[in-house]
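Read through the structure below, which is laid out as structure tokens, and then see the notes.
Indexing begins at 1, ligand by ligand and atom by atom, following the structure's order. For clarity, every value in this text was computed on a predicted model and none was experimentally measured. Atom set for the values below is all heavy atoms of this structure, side chains included, hydrogens, waters and symmetry mates excluded.
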Amino acid sequence: MAKSKTRTQFLCNSCGSVHPKWLGKCPDCGTWDSLEEYKAPTPDARAAAVAPSNGTGDLARGGEALALADIDEADTPRRPTGIGEFDRVLGGGVVPGSAVLVGGEPGIGKSTLLLQVAHELALGATERRSDEATEGDTKRPAAPGFPPSSLRRSVAPSLAPAKVLYVTSEESARQTKLRASRLGAVSSPDLLILAETNVERIVNQIHRHKPDVVVIDSIQMIYKPDLPAAPGSVTQLRDCCMELVYLAKASGVAVIFVGHVTKAGTLAGPKIIEHIVDTVVYFEGDRFHAHRVVRCVKNRFGSTHEVGLFEMTGEGLREVIDPGNLFVEQYGPGGQPSGSVITAAVQGSRVLLVEVQALTASSVIGAAKRKVSGVSSDRVAMIIAVLEKRAEMRLAADDVFVNVAGGVKVVEPATDLAVAMAIASAHQNRPLAPGTFAVGELGLGGEVRTVPQLELRLREAARLGLGHAIVPHMGSHLPRLGGMALHEVRRLSQALNDM
Ligand code: TYD
Ligand code: MG
């Protein structure tokens with residue numbers, strides 16, 4: 001008895017931290033009255049949750065150590081989902097026995113994407129109509145490991161149909177059917193829909209139908225009846241998620257969870273599920289833009305640098321294979337306004353041209369605002385300080401707004417120079433010459449540093465018709481492209497003088 005007492009812990013509803021005793025205020029996140037009693041599953045209970053194995057999951061190996069040389073890499077086969085942009089984010093497809101979390105704000109398109117994924121998986125490649133494969137844009141820039149693909153159908157020809165169980169815990173089966181008809185996804189006999197919130201019954205259905213892939217939409221609505229905590233609480237979330245992940249590891253079924261992210265941008269109970277699953281992808285941006293960016297933030301089976309691009313249409317999400325000038329506004333003969341600078345951001349195997357926009361406006365002295373979206377606000381604060389100190393630009397009495405057009409997020413320091421030039425251009429009300437773009441990282445001394453994969457960025461800019469690049473000084477190492485004028489700069493002040 002004494003042993004089981006030590007297993008009682010208290011979990012914070014807001015940040016997911018674990019504490020040995022109850023406290024009125026969570027010491028980690030500062031939320032009041034958020035701790036909730038939680039009985040962590042004992043190792044025995046966990047072992048019991050692992051059903052007799054028939055799958056490829058790693059937990060099914062019985063804990064026997066193997067020599068590294070004896071482990072077969074082919075042990076992690078991937079199943080392409082049939083939606084190339086989703087596969088790109090996952091690193092090539094769904095790994096059997098793995099758990100994937102798809103997060104995003106309500107209404108962003110999680111259910112839409114996963115229903116499309118479920119349909120494509122269930123359809124397999126054999127039943128695809130070949131005429132659909134030529135629809136739309138096929139100019140995917142060569143990405144290693146990905147088959148050249150079409151608009152919505154982009155699948156390796158050998159793909160066999162998978163049995164998919166789509167568990168809808170928020171909508172009724174009828175609502176899901178309505179959505180499926182809208183998406184044109186009703187014809188697959190191997191796609192099973194289950195409207196259920198009780199995790200035990202879900203597990204029973206998984207044992208009964210033995211699907212290859214299970215989608216749980218959403219994990220926040222699932223509950224375990226023998227837990228005293230309310231459905232939706234952190235305890236429920238963690239236990240239900242763990243039970244399904246153990247089942248996945250033991251049986252080889254791949255589980256895809258949908259998780260809602262709150263307005264603050266965190267998943268409700270974020271730390272709790274993020275560390276349990278193998279792969280975490282998030283929908284970025286907001287639902288007011290037609291374009292959706294799906295970004296991988298954790299991946300045990302691949303790179304986390306890739307993003308998937310989609311467009312929300314009347315018939316669901318459509319892949320955007322070649323983003324081209326998608327995120328760059330086409331300004332008319334007047335050219336672009338001041339405060340707008342184009343830059344090239346590397347996102348995995350692809351270069352995205354994005355437009356950084358800035359605006360400065362005089363503010364109440366001592367209360368200058370800095371509002372940033374799409375780039376890191378810490379980075380912008382640093383860039384403003386560099387502009388003040390190294391380029392003698394007075395911004396202390398100005399509000400500064402920085403935005404990346406189209407709702408994309410760029411996290412690379414290679415966009416520093418573009419951000420600095422956008423702020424300077426807005427401040428001086430001096431637009432850049434049309435067809436100009438800038439890449440470079442800024443140092444605290446006001447120096448412009450080189451960036452990785454400059455040639456790739458220049459090629460993409462040249463392909464999309466930009467003729468003038470402002471780049472870090474590289475001398476003889478600078479890649480030369482025909483038709484593009486390169487302007488090398490060593491310092492930020494130099495870039496601003498020549499602007
Ligand atoms: P949904 O997938 O339900 O969002 P989530 O599961 O992330 O909460 O997407 C809902 C939005 O997408 C809704 O506002 C309607 C829109 N939508 C379309 O524009 N076209 C479509 O074909 C579908 C199914 C939804
Ligand atoms: Mg939904």
Would you mind listing which atoms of ligand 1 come within a distance below 4.0 Å of any non-hydrogen atom of Glu105? 7 (O)

Among protein heavy atoms, which lies nearest atom 4 (O) of ligand 1, and at what distance? Gly109 N, 3.1 Å

Residue Ser111, metal the Mg ion (ligand 2), N/O/S under 2.8 Å: yes

Closest approach of any protein heavy atom to atom 22 (O) of ligand 1, naming residue and atom: Gly316 N, 2.7 Å

Whether Lys224 and Glu243 form a salt bridge (side-chain N of Lys/Arg under 4.0 Å from carboxylate O of Asp/Glu) is what I want to check. yes

Within the 3.5 Å criterion, strictly below it, is a donor on Thr81 or Asp87 matched to an acceptor on the partner's side chain? yes

Give the residue and atom name of whichever protein heavy atom lies nearest to atom 14 (O) of ligand 1, and the separation in Å to one decimal. Gly107 O, 4.2 Å

Atoms of ligand 1, numbered as shown, that sit under 4.0 Å from any heavy atom of Leu183: 22 (O), 24 (C)

Is it true that the side chains of Asp217 and Thr168 contain a donor and an acceptor less than 3.5 Å apart? no

Nearest protein heavy atom with distance in Å, relative to atom 6 (O) of ligand 1: Ser111 OG, 2.6 Å

Any side-chain donor-acceptor pair under 3.5 Å between Glu37 and Thr8? no

Taking 4.0 angstrom as the limit and counting only heavy atoms of Glu315, give me the atoms of ligand 1 inside it, by number and element. 22 (O)

Check for me whether Leu115 has a heavy atom closer than 4.0 Å to any atom of ligand 1. no

Measure the distance from atom 16 (C) of ligand 1 to every protein heavy atom, then report the residue, atom name and distance (to 0.1 Å) of the closest one. Met312 CE, 4.0 Å

What do the steps show when you test Val95 against Asp278 for side-chain contact (heavy atoms from CB on, under 4.5 Å), and what is the final call? CA-CA 10 Å; Val95 176; Asp278 301 301; over 6 Å; no

Just do the salt bridge (Lys or Arg N to Asp or Glu O under 4.0 Å) check on Arg379 and Glu441 with the steps written out, would you? CA-CA 11 Å; Arg379 206 77 201 167; Glu441 178 178 343; 3.8 Å; yes

For ligand 1, which atoms have a heavy atom of Pro106 less than 4.0 angstrom away? 8 (O)

Arg457 side-chain N/O to Pro452 backbone N/O, donor-acceptor pair under 3.5 Å: yes

Only heavy atoms of Thr313, strictly under 4.0 Å: list the atoms of ligand 1 that pass. 18 (C), 19 (O), 20 (N), 21 (C), 22 (O)

Below 4.0 Å from any atom of ligand 1, is there a heavy atom belonging to Gly314? yes

Please say which of Arg295, Glu306, Arg88, His305 ends up in a side-chain hydrogen bond (donor to acceptor under 3.5 Å, both in side chains) with Gln347. Arg295

Residue, atom and distance of the protein heavy atom nearest atom 25 (C) of ligand 1 read Thr112 OG1, 3.9 Å

Keeping the roles fixed (side chain from Arg292, backbone from Lys110), state whether a donor-acceptor pair exists under 3.5 Å. no

Residue, atom and distance of the protein heavy atom nearest atom 15 (C) of ligand 1 read Arg182 NH2, 4.7 Å

A student checking ligand 1 against Arg179 at a 4.0 Å heavy-atom cut-off should list atoms 1 (P), 2 (O), 3 (O), 24 (C)

So do Asp239 and Val199 actually touch side chain to side chain, heavy atoms under 4.5 Å? no

